[in-house]
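Everything numeric in this text was worked out from a predicted model, so none of it was measured. We count ligands from 1, going down the list as the structure has it; atoms in each ligand are counted the same way. If you read the sequence from its start, that first residue is 1, and numbering goes on from there.
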Amino acid sequence: MKIDDITLFHVKLPYLAPFQTSRWVENDHECLLVRLRAAGLTAWGECVAGAQPGYSYETTKTNWHILEDFIIPSVLAASLDDVPAYRDAVEPVMGHNMAKAGLEMALWDLFAQRDGLSLQQALGGAGDRVRVGVSVGIQPTVDRLLEVVEGYLGQGYGRVKLKIKPGRDVAETAAVRRAHPDLLLQVDGNSVYRIGDAAHLAELDDFGLLLIEQPLAHDDIVDHAKLQAALKTAICLDESITSAEHARWALELKACRVINIKPGRVSGLHEGRRIHDLCYQAGIPVWMGGMLETGIGRASNVALASLPGFRLPGDISASARYYHEDVIDPPFVLNPDSTVSVPTAPGLGVKVRPEVVARYTLAQKNYSA
Ligand code: SMG
Ligand code: MG
């Protein structure tokens, strides 16, 4: 299949509220949207890197560079009939998984539309809804945190993740647990702690958490293995797992008991599904992470999250948790049972609103062969 043209949109959507993690804060969702046209079809993808290299080394600008200078030329020069062919085409590019994944998402959308399949069907998922939760950034005070959590519970979210950092962890988690004894609760350190913090992190064992996400450095599965041995609570790796190989290494080292899958982090849905399959075989639960995506990336996450190994609720919230308006219509909404419905139309199954994309576009460029 020949791709007619590819357009990159660098968009910036303001968040309803700043999102603070252990190491950086974001006020807007900056990302690249990828639009691809072929055989009369229009397909979309989203690169999840943000403006700052806080979560990973990738940013919107590195995504643009890698796509413009390497990936787009090879895609336009090739004739691609399936995702594995695309993966072969980008194999010479080391790393830059989020850049690769954004275009891969658009190709999944394209090929699924061509085949008359929903993305869920193309990926082999099942069910009409996926279980979701909400991720709560670090708040100015414990009282404010309790208020924010209350607000989300009032909206129907049944699982809460708290961002934590040194000095803003045990007391905060204890307060939320005291207020909500039965809540499905987990925490995320975003790579800020070190193995010397093991005794301190073990205090979190008292709170019946589902998991502690990525406490130690992004490139350190060795100390994660030592930490996991010292904790009762399951460690879940996020930043550390960038491929199915990393997932296997982490499991062999017993560096975690749960894995968070973000297609962007692992170079796309194809690799995300491989990690799912590996974990499923090994009896390791996985769950869908989130990068505060627009409705485009969210649709992709929801479809993958309908595979059977996604046994814990995902960081997939309603569009209204993040944005004044989403780039898709209708937006994603939260069902009363703390789920989000899986789109059923061909491809991503969502309708992109070009006028909304245009409203938030800082730069765009079209590429054709
Ligand atoms: O709801 O999409 C969401 C946010 C989920 O907390 C979330 N993601 O490390 O898991 C994580 C963070 C990364 C966010 S970086 C912008
Ligand atoms: Mg995380």
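- Within ligand 1, counting atoms from 1 as listed, the ones closer than 4.0 Å to a heavy atom of Leu292 are 2 (O), 3 (C), 4 (C), 14 (C), 16 (C).
- The aromatic rings of His270 and Trp108 sit tilted, their planes meeting at an angle between 30° and 60°.
- The shortest N or O to N or O distance between Asp188 and ligand 1 is below 3.5 Å.
- Residue Phe19 has no nitrogen or oxygen atom sitting less than 3.5 Å from a nitrogen or oxygen atom of ligand 1, judged on distance alone.
- Shown here for Asp188 and Glu213, the closest heavy-atom pair between the two residues is OD2-OE2, 3.0 Å.
- Considering only non-hydrogen protein atoms, atom 12 (C) of ligand 1 sits nearest to Lys163 NZ, 3.1 Å.
- Distances from the Mg ion (ligand 2) to each N, O or S atom of Glu213 single out OE2 as the nearest.
- For residues 45-68, the pairs satisfying salt bridge (charged side-chain N to carboxylate O under 4.0 Å, His left out) are Glu68-Lys365, with sequence neighbours left out.
- Among the atoms of Ser135, some N or O lies under 3.5 angstrom from an N or O of ligand 1.
- Considering all non-hydrogen atoms of both residues, Ala247 and Ile275 come closest at CB-CG2, 4.0 Å.
- With side-chain heavy atoms closer than 4.5 Å counting as contact, directly or through intermediates, the hydrophobic cluster containing Met98 also holds Trp24, Val48, Tyr55, Met291.
- Ring geometry for His96 versus Tyr57: interplanar angle over 60°, hence perpendicular rather than tilted (30 to 60°).
- In the model, Ser243 has a side-chain atom that pairs as donor or acceptor with a side-chain atom of His246 under 3.5 Å.
- The backbone N or O of Arg194 sits less than 3.5 Å from a side-chain atom of Asp197, completing a donor-acceptor pair.
- With ligand atoms numbered from 1 in the order given, ligand 1 contributes 16 (C) to contacts under 4.0 Å with heavy atoms of Glu26.
- Side-chain atoms of Glu239 and Ser56 form no donor-acceptor pair, as typed in the model, at a separation below 3.5 Å.
- Scanning the protein heavy atoms around atom 3 (C) of ligand 1, the nearest turns out to be Tyr322 OH, 3.4 Å.
- Looking at ligand 1, you'll find an N or O of Lys262 within less than 3.5 Å of one of its N or O atoms.
- The N/O atoms of Glu213, backbone and side chain alike, include one that comes under 3.5 Å of an N/O atom in ligand 1.
- The shortest N or O to N or O distance between Glu293 and ligand 1 is not below 3.5 Å.
- Nearest protein neighbour of atom 8 (N) of ligand 1, counting heavy atoms only, is Gly290 O, 2.9 Å.
- The distance criterion of under 3.5 Å between nitrogen or oxygen atoms is met by Asn190 with respect to ligand 1.
- Atoms of ligand 1 found under 4.0 Å from any heavy atom of Asp238 (numbered from 1 in listed order, with element): 9 (O), 10 (O), 11 (C).
- No more than 12 heavy atoms of other residues, nucleotides or ligands lie within 6.0 Å of CD in Gln281, so this atom counts as exposed by the packing criterion.
- Contact annotation: for Tyr15 versus ligand 1, there are no heavy atoms closer than 4.0 Å.
- Considering just the N/O/S atoms of Asp238, the one nearest the Mg ion (ligand 2) carries the name OD2.
- Within the 3.5 Å criterion, the main-chain N or O of Ala78 finds a donor-acceptor partner in the side chain of Lys2.
- Residue contacts to the Mg ion (ligand 2): Asp188 brings an N, O or S atom closer than 2.8 Å.
- Neither the backbone nor the side chain of Gln214 comes within contact range of ligand 1; no heavy atom lies under 4.0 Å.
- Considering both main-chain and side-chain atoms, Asn260 never comes within under 3.5 Å of ligand 1 through any nitrogen or oxygen pair.
- Between Arg321 and ligand 1, no pair of N/O atoms sits closer than 3.5 Å.
- The minimum heavy-atom distance between Ser317 and Tyr157, with the atom names listed, is CB-OH, 3.4 Å.
- A donor-acceptor pair under 3.5 Å is absent between the side-chain atoms of Asn27 and the main chain of Pro18, judged by distance alone.
- Residue contact check: Trp24 has heavy atoms under 4.0 Å from atoms 15 (S) of ligand 1.
- In summary, no N, O or S atom of Asp315 is located under 2.8 Å from the Mg ion (ligand 2).
- Not a single donor-acceptor pair under 3.5 Å links the side chain of Asp169 to the backbone N or O of Ile164.
- By the criterion of a heavy-atom distance under 4.0 Å, neither the backbone nor the side chain of Val134 is placed next to ligand 1.
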